[in-house]
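The structure appears below as structure tokens.
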Protein chains: 2
Amino acid sequence: MTRIKDIARIANVSTATVSNVLNGTGSVSDKTRASILKVIEEMNYQPNHIAKSLKIKKTKTIGVIVEDVTSFNSAEIIDGINEYAENEGFSLLLTNMRVFKRLGQEYKDDEVVRQLASQAFREILNKQVDGLIYVGAHPRDVTRMIESHKRIPIVYTYCHTSRDEDYAVNYDEHLGAYEATNYLIEAGHRQIAVISGLFNSNSSRERFNGYYQAIMDNRLVFNPALIKTGDWEFESGCRLTAELLAADSRPTAILAMNDNMAAGAIGACKERGLRVPEDLSIVGFDDREFSSYTAPQLTTMRLPLHEMGTEAMKSVMDILAGNESTVKSKKLKCTLIERHSAAQAPK
Amino acid sequence: MTRIKDIARIANVSTATVSNVLNGTGSVSDKTRASILKVIEEMNYQPNHIAKSLKIKKTKTIGVIVEDVTSFNSAEIIDGINEYAENEGFSLLLTNMRVFKRLGQEYKDDEVVRQLASQAFREILNKQVDGLIYVGAHPRDVTRMIESHKRIPIVYTYCHTSRDEDYAVNYDEHLGAYEATNYLIEAGHRQIAVISGLFNSNSSRERFNGYYQAIMDNRLVFNPALIKTGDWEFESGCRLTAELLAADSRPTAILAMNDNMAAGAIGACKERGLRVPEDLSIVGFDDREFSSYTAPQLTTMRLPLHEMGTEAMKSVMDILAGNESTVKSKKLKCTLIERHSAAQAPK
DNA sequence: TTGTAAGCGTTATCAA
DNA sequence: TTGATAACGCTTACAA
């Protein structure tokens, strides 16, 4: 490969001058600049970023540690990170912890993940990244999961920490659930059941609170019998819907806290010959790809994944730029996607 | 950050010796090794990979250029690449061309993609990657899409080139279609229709050939009226199925060349009150995530995406190791996933 | 077995 | 406006 030294020799100038025209630094006459540029062009010179990085102690690359690329949320978040990074001239060094395949259902085991993460973190730091984004695959508390004496910006997304000083980008679960519930209320529903995720997660609690607040704000009665706790999986949506339908106070609508369980709910209705949405309205959460393929297509809250990526990257850039006012915790809005699983309440 | 120099000073040895214990090179007495290791531990020393890379002219990182991370095939391929890379101690520098969002439906425009790719390629080369994997998002001919005088291993996956000297990892489309067809034949079907993708793609032709050969091998009659050309999208599956069902020689089974069109076929049946699979069997191709959520769940050929990733990375490693016998074109097998959209042919 | 020192391709200081 | 040169943190002859 041709080096600055080669350009300098051929153009009859010093390496310093070549470096200056390359970076627009110093001052160099139009004439020499032109002749240097010409040589650069001819030799098809490409600067060596490694050497540059060593010297300036900046790599213009951001490390991205993702718990699992194959998780439904990861690709779109990475896409968002990428969009912003590209505009800023930054590259991405990707580390995939592969927690699903590696740990199977244990991927929820914080301790193992912690080990994986700190390992990944150390290695990526050695590559001298200028900043780091951690992308979760599960609503997990990642407090102190990675630690370093070298202070580079670290931003968490799709996961949260319990320390106020950490930067995190997430979506507003409370508001999302609130709006989903409101949507059903406005459609005339009064008996709105909830199929929640496991209550050990912040997610579940926040979403439940959103639901609760919508019920209260509309002066409806809160009926605990309508609240069921699932485990985020299809089967639990199915089973709990069956329970709800068998009970005395049967709901006219169900808010499922993710699309998997919503799909399960649809399945349960089908088994019982109930029509969705005529007999029962169902609203999901996440807007997974498959939600357009259920029958009927699912009405659901879309997560602002792409935007979470761009905002995470933006935070990193802001911190890097020394912007003290960078907000620590960003919460982005979900969007209701109206498809065909929810309708007006039956008279 | 602490440097080798610091370790050397504190341990009262030369930097050369420290470097030797770090890399297991040279020969150093157990005693000095121990004392050096101790200092390294105490100081929590982490080597600077950038400096090392500059010196040894190897970065132990592989560039991954992906046409679009959000494409359904990308995440799993990346996961495979990652698995292999991790075992070899390599990192991944990810470039996402974002062709879908950037170009919209024009993402099929080879010329624009070519520009994007060569740009991405140049930048990633400047970062001194040791090798490159190009991940397509669309069955595209990428011949000479990226060129370089610096010869590093380049492996293409989920796309193909027309040059025999290029390395490419793909799945065996011919065999996949052959086996899918055979599956239907074994279930007693004799009138098997095909909903193909656009015939401007190699994919479509190979898959069609696989179908054709299965028909021939089983001495069935080939009926051109049963071959319909769609455009890979849901709607075309729907429309063409309607045509097939309206025709005189009605098929008992449909092989759709992707899951989108297969889902469309199911939709068309539903509209007409036909039962799947009792009245019509449908087999898809790709095994998209949504295929478990259609009603009935789709029987389909699963693409060996993860394995394509690992094999692509393996090729890179092999070439890097100077293994002359590395096979240029790998074709991996698809797997039939039996779900509920195909059954025995009606008597 | 250990140390000295040159060099990887840049940038940046300082002098000319 | 330009050039000589040290330095970034590491590896690696080669010498001791």
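What you see is a predicted model; the values in this text were computed from it and never measured.
Near DNA chain D, defined here as any heavy-atom distance below 4.0 Å, the residues from residues 2-14 of chain B are B:R3, B:I4, listed numerically. Within a heavy-atom distance below 4.0 Å of DNA chain D, the residues of residues 30-52 of chain A found are A:T32.
The main-chain N or O of B:G136 is found under 3.5 Å from a side-chain atom of B:N73 such that the two form a donor-acceptor pair.
Side-chain N/O atoms of B:K57 include one lying less than 4.0 angstrom from OP1 or OP2 on C:dG9. Note on A:T25: every side-chain N or O is 4.0 Å or more away from OP1 and OP2 of C:dA12. Considering only side-chain N and O atoms, B:S19 lies under 4.0 angstrom from the phosphate OP1 or OP2 of D:dT11. In this model, the phosphate group of D:dG3 is approached by a side-chain N or O of A:T17 to a distance below 4.0 Å at OP1 or OP2. In terms of phosphate contacts, B:N23 brings a side-chain nitrogen or oxygen within less than 4.0 Å of OP1 or OP2 of D:dT11.
In this pair, B:Y158 and B:Y171 present their aromatic rings tilted. The plane angle is within the 30 to 60° band.
In this structure, B:S29 reaches the sugar-phosphate backbone alone: every heavy-atom distance under 4.0 Å involves primed, P, OP1 or OP2 atoms, never a base.
The shortest distance between side-chain heavy atoms of B:I50 and A:N126 does not fall below 4.5 Å. By the 4.5 Å heavy-atom criterion applied to side chains, A:T310 and A:H306 are counted as neighbours. For the pair A:L93 and A:V64, the minimum side-chain heavy-atom distance is 4.5 Å or more. Taking 4.5 Å as the limit, some side-chain heavy atom of B:K330 sits within range of a side-chain heavy atom of B:K314. Put simply, the side chain of A:D130 does not reach to within 4.5 Å of the side chain of A:T61, judged on heavy atoms. Counting heavy atoms from C-beta on, the side chains of B:V18 and B:Y45 never come closer than 4.5 Å. The closest side-chain heavy-atom distance from A:F90 to A:M317 is below 4.5 Å.
B:Q115 and B:E111 form no side-chain donor-acceptor contact under 3.5 Å, judged by distance and modelled atom types alone.
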Identify the pairs formed between an N or O of the protein and an N or O of nucleotides 14-16 of chain D at a distance under 3.5 Å, and give each distance.
none

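A straight line from CG of B:L22 to P of D:dG9 spans 15 Å, rounded to a whole angstrom. Taking atom CG of B:N20 as the reference point, atom P of C:dA5 lies 17 Å away to the nearest angstrom.
Under the side chain to side chain donor-acceptor pair (under 3.5 Å) criterion, the residue pairs touching residues 84-94 of chain B are A:R102-B:E86, A:K127-B:S91, with sequence neighbours excluded.
Stem regions for DNA chain C, each three or more consecutive Watson-Crick or G-U pairs with both distances under 3.5 Å and listed by first number, read C:1-16 with D:1-16.
Across B:T2, B:V13, B:T15, a single residue satisfies side chain to side chain contact (heavy atoms under 4.5 Å, CB included) together with B:I7, and that is B:T2.
At a cut-off of 3.5 angstrom, the base of C:dG7 holds at least one donor-acceptor pair with the side chain of B:K55.
Remark: B:R98 pairs with A:D79, A:E83 by the salt bridge (charged side-chain N to carboxylate O under 4.0 Å, His left out) rule, at least two apart or across chains.
Of all heavy-atom pairs spanning A:T25 and A:V28, the tightest one is O-CG1, 4.5 Å.
Comparing D:dT12, C:dG9, C:dT11 by their nearest atom to the side chain of A:L54 picks out C:dG9. Which of C:dT4, C:dA12, C:dT1 sits closest to the side chain of B:T15 comes down to C:dT4.
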